[in-house]
Amino acid sequence: MLNDLKKEFSVPGLCFELGNGNLIRAVIDTAIAKGELFLQGAHVTSWHPVGQRPVLWLSGQSNYEAGKPIRGGVPICFPWFGPNSKDITQPAHGFARITDWQVAGARSNTDGAIELHLKNTIDSFLLDFHVEFGRELKMTLRTQLSSEATSSHSFEDALHTYFVVSDVRSISIAGLEGASYIDKVDQGMLKQASGEAITFAGEADRVYLETQTACELTDSALGRVIRVSKTGSASTVVWNPWIDKSKRMADFGDDEWPGMVCIETANVGTSQIELEPGGSHTTVVTISVSN
Ligand code: BG6
């Protein structure tokens, strides 16, 4: 399998190898960017433009094991987000992040980015995931309902992006001012965001509704702004587990919470997507960094 990948998708700046837990990963190392993606979950675990610090956060306590999600990077949540609403025994955030994806293409783009194309089939949905590892990180998730399906089907998706921050207590996230949100740490209450950028002083687990605009994460201590812009996504989830929840998660270090925050590009809850047989939807997120 690994040898076939090496033979079929050989591009300068890209190699396939066994990573942690003997899981196969793609390693990107070019003049403009470095990155890493595990075939399990089509899971981007690392990216940064050359000259910048790491942008994506990855837990030192993560599992790297077939069938278990990696903690950090960009898990793909699909076809549901969070616990399954009908069957609590189903895996949280769906199957996309814990199943193997097939590599369908790899190329070097004219701007120097390495683009990977991965495919998966989950239920009656055909998934195509394109990742461009360049000066920007662009991730495109296209979901098509099989034309052989006999009725429409709905799904939720999220590109659940974990970012490295100097200290979550001293960063801010702009772009969600005034939006309505579901506060998952306050009994799912529907609230309205203030007109100020978000700052953090406790656990945050919020689904911001009808939010199509870009977010900007300002981290003065690291001297950078991370911009997360998107299309095809109507919800934005912001998450930091803080102290107690971190202790409850076996694959998350007790003291790691200050160093991360998630800004998730999503279509969840009332923004889930319904497709007719043969219909498709595309969710795109582009991440860039400036100083
Ligand atoms: C977030 C959810 O997106 O993911 C949180 O809003 C959840 O409620 C978090 O705790 C992590 O989920 P998991 O399944 O990776 O532990």
Side-chain angles (χ1 to χ4, degrees), residues 21 38 40-45 56-99 122 139 141 155-165 168 173 176 179-191 193 198 200 202-209 211 215 217 228 230 233-254 256-272 283 285 287:
F38 280 82
Q40 172 168 292
H43 197 132
V44 177
T45 45
L56 301 179
W57 181 87
L58 198 54
S59 171
Q61 301 299 315
S62 178
N63 292 305
Y64 293 92
E65 206 179 315
K68 289 199 175 171
I70 294 171
R71 174 70 67 195
V74 191
I76 299 176
C77 306
F78 182 94
W80 61 85
F81 180 79
N84 183 290
S85 57
K86 295 192 189 102
D87 180 358
I88 195 70
T89 63
Q90 295 290 313
H93 290 321
F95 293 108
R97 67 176 178 166
I98 51 170
T99 51
I122 294 178
M139 295 175 281
L141 179 66
F155 68 87
E156 296 176 297
D157 69 1
L159 296 167
H160 186 312
T161 311
Y162 288 74
F163 292 105
V164 170
V165 294
V168 72
I173 297 173
L176 300 169
S180 300
Y181 68 94
I182 294 167
D183 191 345
K184 289 170 75 176
V185 297
D186 189 8
Q187 300 162 3
M189 295 263 286
L190 184 63
K191 299 184 178 176
I198 300 168
F200 296 83
E203 183 180 352
D205 192 352
R206 303 179 195 153
V207 181
Y208 289 84
L209 309 174
T211 45
C215 285
L217 188 173
V228 183
K230 59 181 187 164
S233 154
S235 350
T236 310
V237 181
V238 173
W239 181 59
N240 179 283
W242 218 254
I243 300 165
D244 294 342
K245 187 161 178 173
S246 298
K247 289 186 182 155
R248 293 197 298 271
M249 291 187 289
D251 61 343
F252 194 114
D254 290 359
E256 289 183 317
W257 61 269
M260 58 69 70
V261 73
C262 289
I263 302 174
E264 308 168 32
T265 296
N267 292 291
V268 303
T270 52
S271 293
Q272 66 178 298
T283 303
V285 59
I287 297 164

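Just so we're clear, the structure is a prediction, and the values are computed from it rather than from any experiment. Order of appearance sets the numbers: ligands from 1, and atoms from 1 within every ligand. In what follows, residues are counted from 1 in the order of the sequence shown.
Arg206 forms a cation-pi arrangement with Tyr181, by the criterion of a distance under 6.0 Å to the ring centre and an angle within 45° of the ring axis.
Near ligand 1, Arg71, Phe81, Ala92, His93, Arg97, His160, Lys184, Asp205, Val237, Trp239, Lys245, Glu264 each place a heavy atom less than 4.0 angstrom from the ligand.
Of the N and O atoms on the side chains of Asp251 and Ser62, not one donor lies less than 3.5 Å from an acceptor on the other residue.
Lys191 places a side-chain heavy atom less than 4.5 Å from the side chain of Asp186.
Taking the six-membered ring for Trp and the full ring otherwise, the centers of Tyr162 and Trp257 sit at least 6.0 Å from each other. In this structure, Phe95 has its ring center under 6.0 Å from that of Trp80.
The aromatic rings of His93 and Phe81 sit tilted relative to each other, their planes meeting at an angle between 30° and 60°.
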